[in-house]
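Let me begin by presenting the structure, written as structure tokens, before commenting on it.
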Amino acid sequence: MKHVGELAVQRRAGVRAGEWGSARTHPEIPPAAAEFLERQRMLVIGASGRDERLWATALTGAEGFTRAVDERTIVIDALPGEHDPLAGLAEGAEAEIGMLAIEPRTRRRMRVNGQAVRKDGLLVVHTEQTYANCPKYIQARDITEESAGQPVAGGSSSARTFTGEHRAWIESADTFFVATRAPGLGADLSHRGGNPGFVRVVGERRLVWPDYVGNSMYMTLGNLELDESCGLLFLDWDSGDALHLTGRARVDWDPGEVPGAQRMVEFEMDLAVHVRGSSPLRWRFEDYSRFNPPAPNGEQRVTGGTK
């Protein structure tokens, strides 16, 4: 199915590639992708919560907790926790879901979109789109240890404006994840990366980030063209905390003087949820992507390798 939002963004961006975009993805899971999924310890998902807002969150487990059981079915042996804004996902009815399997150590990632339902304590996903993404803007990290993974009592807090802690967290981030959706076309979950400072808080409820050159599929921007709903996830790779934001996003086609930006995305936050100890995984930073443009403050991070 052609995605009219993606086609509109492609035209505005000057891309002339026919049906290039999600219309050229496939529902089947290739054998190499199935093997990649089964090796992963973390899966990032995007969907609507009980409050009908769009959220993004991370699921974790031992190798094999995510597996393809046939060419169009993925079974996930993990569910969002009780403090998670996606608690209750796919409970009693199918839910549109976007998924990203990302392996920071190798800078490999795979996206899957489809329909999810709970069954016997598992999340079962019927795939509608599967495809690999390029390694651009992924910072190399590796898992160093695993905690007990139990959030503390009362392990979440919410806010309708950014706190000082939120601002510092966001503006020091080199990675976040973005969930979008479009009516009749499903949900999507994507990765965004850059040098620390590439995301800026510009108001008590607003932040902005640059949209760098990518694969010209425009799946995130295409969804935003049709539905401004947006969910963001910022992970604290050291503590396992998660900052979930939900709100609305729009594209500003004038990037100004921001290095590497082709356009800017402005996000207006409706609600922030900070979940402590959300993930049991702890990660060691290795180096920045060589594709990262300088952050808007002009600082260029030096990578530790040539990945």
Side-chain angles (χ1 to χ4, degrees), residues 41-61 78-89 98-100 102 104 139 141 143-180 187 189-194 196-209 229-249 265-283 285:
R41 301 288 315 280
M42 180 178 74
L43 185 71
V44 188
I45 63 172
S48 296
R50 288 170 174 162
D51 57 4
E52 299 186 356
R53 300 177 187 270
L54 196 59
W55 297 95
T57 196
L59 303 176
T60 61
L79 296 169
E82 62 176 321
H83 298 295
D84 196 292
L86 283 180
L89 174 65
M99 307 185 342
L100 176 72
I102 185 167
Q139 324 317 331
R141 286 183 164 87
I143 297 170
T144 58
E145 61 178 295
E146 185 170 353
S147 76
Q150 296 298 321
V152 298
S156 66
S157 59
S158 61
R160 296 193 179 275
T161 59
F162 292 124
T163 66
E165 182 181 11
H166 296 160
R167 179 184 292 268
W169 188 340
I170 292 166
E171 294 192 333
S172 64
D174 58 43
T175 300
F176 71 96
F177 303 93
V178 53
T180 57
L189 192 288
S190 187
H191 155 277
R192 292 294 182 269
F198 86 110
V199 188
R200 293 180 294 122
V201 177
V202 294
E204 63 177 12
R205 296 173 55 216
R206 294 179 61 239
L207 58 81
V208 61
W209 72 84
S229 301
C230 189
L232 306 183
L233 172 66
F234 290 84
L235 295 177
D236 186 319
W237 303 94
D238 297 321
S239 71
D241 284 13
L243 179 62
H244 309 266
L245 308 178
T246 189
R248 290 150 287 114
V265 181
E266 300 175 351
F267 175 83
E268 186 86 9
M269 185 264 286
D270 292 328
L271 184 64
V273 176
H274 177 183
V275 181
R276 296 167 183 80
S278 175
S279 168
L281 303 181
R282 303 293 179 265
W283 301 76
F285 174 83

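The heavy-atom pair separating Thr60 from Pro280 by the smallest distance is OG1-CD, 3.3 Å. Here the closest non-hydrogen pair linking Gly277 and Asp241 is N-OD1, 2.9 Å. Taking every heavy atom of both residues into account, Val178 and Cys230 meet most closely at CG2-SG, 3.5 Å. Minimum interatomic distance between Pro104 and Ile102 (heavy atoms only, all atoms of both residues): CD-O, 3.3 Å. Among all heavy-atom pairs drawn from Gln139 and Gly194, the shortest one is NE2-N, 3.3 Å. In plain terms, the two heavy atoms of Gly240 and Arg282 that are nearest each other are CA-NH1, 3.5 Å.
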Going by atom type alone, with no hydrogens or angles, which donor-acceptor pairs under 3.5 Å involve a side-chain atom of residues 198-209 and a protein atom two or more places apart or on another chain?
residue	atom	partner	partner atom	Å
Arg205	NE	Met269	O	2.9
Arg205	NH2	Met269	O	3.0
Arg205	NH2	Asp270	OD1	3.2

Would you be so kind as to tabulate the donor-acceptor pairs closer than 3.5 Å made by side chains of residues 46-53, with sequence neighbours excluded?
residue	atom	partner	partner atom	Å
Ser48	OG	Arg181	NH1	2.5
Arg50	NE	Ala87	O	3.4
Arg50	NH2	Glu91	OE1	3.2
Asp51	OD1	Arg53	N	3.0
Asp51	OD1	Trp55	NE1	3.3
Asp51	OD2	Trp55	NE1	3.3

For side chain to side chain contact (heavy atoms under 4.5 Å, CB included), just list the numbers for Arg276 and Ser157, CA-CA rounded to whole Å, side-chain angles, deciding distance to a tenth of an Å, and then say yes or no.
-> CA-CA 9 Å; Arg276 296 167 183 80; Ser157 59; 3.4 Å; yes
Do Leu89 and Ile45 pass the side chain to side chain contact (heavy atoms under 4.5 Å, CB included) test, and can you show the C-alpha distance, the side-chain angles, and the key distance before you say yes or no?
-> CA-CA 11 Å; Leu89 174 65; Ile45 63 172; 3.7 Å; yes
Tell me, with the steps shown, if Ile170 and Leu243 meet side chain to side chain contact (heavy atoms under 4.5 Å, CB included).
-> CA-CA 9 Å; Ile170 292 166; Leu243 179 62; 4.1 Å; yes
What do the steps show when you test Leu79 against Leu59 for side chain to side chain contact (heavy atoms under 4.5 Å, CB included), and what is the final call?
-> CA-CA 7 Å; Leu79 296 169; Leu59 303 176; 5.7 Å; no
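Applying the side chain to side chain donor-acceptor pair (under 3.5 Å) rule to Asp238 yields no partners; only residues at least two apart in sequence or on another chain are considered. By the side chain to side chain donor-acceptor pair (under 3.5 Å) test, Glu82 pairs with no residue at all, sequence neighbours left out. Every residue two or more places apart in sequence or in another chain that forms a side chain to side chain donor-acceptor pair (under 3.5 Å) with Thr163 is listed here: His166.
Pairs engaging residues 162-177 under the salt bridge (charged side-chain N to carboxylate O under 4.0 Å, His left out) rule: Arg141-Asp174 [sequence neighbours left out].
The closest side-chain heavy-atom distance from Val44 to His191 is not below 4.5 Å.
No option in Leu271, Leu233, Leu232 other than Leu232 meets the side-chain contact (heavy atoms from CB on, under 4.5 Å) test with Leu245.
Note that the CZ atom of Arg41 and the CD1 atom of Ile143 stand 5.0 Å from one another [nearest 0.5 Å]. Remark: Leu189 CG to Leu100 CG distance equals 5.5 Å, nearest 0.5 Å.
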